[in-house]
Participant: 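Just passing along the structure, written as structure tokens.
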Amino acid sequence: MTGAVPCLGIQHMHLLLHGQDDSIRSLCLEKWAYIGSRWHSNDCQFVVDRGSKKQRCVKCTNAYSNIRKSRYPKLFPSSTPISPTPIADISPESNQPTVSIGDLILPTNLLFDDEKARSMECD
């Protein structure tokens, strides 16, 4: 490991939204552990490699991928929004700066010169 960080748990939106509901909490606690305000796999390793994309261990990743409507319909009530309601409409403004590919290319005088670097090497 390049460095260990704590596993953030399952992090599934439907489990976070409905896992604490009285009608489903006991079912959720049979399947997963609720520790430190986060849902974890019962086999959670609690530590994950720092380079982990979602910062969740393999066991919590597997638990996340197994949460779906066909297996846990109570976690997917029909009134659940697919995405959160936007706070405000955001539209692009005409005075916002634009970036083109040309802006991202370094000028030639800033590019690394292999020949110059070799001539500066110490013996």
Participant: Walk me through whether F46 and C57 qualify under side chain to side chain contact (heavy atoms under 4.5 Å, CB included).
Facilitator: CA-CA 7 Å; F46 296 103; C57 71; over 6 Å; no
Participant: Out of curiosity, I35 CD1 to C7 SG, how far, rounded to the nearest 0.5 Å?
Facilitator: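 Nearest 0.5 Å value for the CD1-SG distance: 9.5 Å.
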Participant: Looking at every non-hydrogen atom in both residues, tell me the closest pair between T61 and R56 and how far apart they are.
Facilitator: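 That would be OG1-CG, 3.1 Å.
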Participant: Can you see which heavy atom on K31 is nearest to which on N42, and at what distance?
Facilitator: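 Here K31 and N42 meet closest at O-ND2, 3.0 Å.
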Participant: Are L29 and I24 in one and the same hydrophobic cluster, where Ile, Leu, Val, Met, Phe, Trp and Tyr link if side-chain heavy atoms are under 4.5 Å apart?
Facilitator: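 As far as the 4.5 Å side-chain criterion goes, I24 and L29 are connected within one cluster.
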Participant: Atom CZ in R68, atom CG in L75: separation rounded to 0.5 Å?
Facilitator: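 R68 atom CZ to L75 atom CG measures 12.5 Å (nearest 0.5 Å).
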Participant: Please check this pair: side chain of Q55 against backbone of P6, looking for a donor-acceptor N/O pair closer than 3.5 Å.
Facilitator: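 Checked: pair present.
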Participant: Hey, could you give me the CZ/SG distance between R38 and C44, rounded to the nearest 0.5 Å?
Facilitator: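 Reported to 0.5 Å precision, the distance equals 11.0 Å.
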Participant: Roughly how far, to the nearest 0.5 Å, is NE2 of H18 from NZ of K74?
Facilitator: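 K74 atom NZ to H18 atom NE2 measures 13.5 Å (nearest 0.5 Å).
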Participant: Please verify the inter-ring angle class for F76 with H14; under 30° counts as parallel, over 60° as perpendicular, anything in between as tilted.
Facilitator: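 Tilted.
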Participant: Which residue is it: H40, R25, Q20? I am looking for the one with a side-chain hydrogen bond (donor to acceptor under 3.5 Å, both in side chains) to Y34.
Facilitator: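 Passing option: Q20.
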Participant: Starting at CD1 of I10, measure out to CH2 of W39 and round the result to the nearest 0.5 Å.
Facilitator: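 If we round to the nearest 0.5 Å, I10:CD1 and W39:CH2 are 8.5 Å apart.
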Participant: Closest approach of K54 and Q11, non-hydrogen atoms and distance?
Facilitator: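 In terms of heavy atoms, the two residues are closest at O-NE2, 3.2 Å.
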Participant: Hey, would you say the Y64 and W32 ring centroids sit under 6.0 Å apart?
Facilitator: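 Here the rings of W32 and Y64 have centres that are no less than 6.0 Å from each other.
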Participant: Indicate yes or no: at least one non-hydrogen side-chain atom of L15 is less than 4.5 angstrom from one of I67.
Facilitator: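 The answer is yes; the side chains approach within 4.5 Å.
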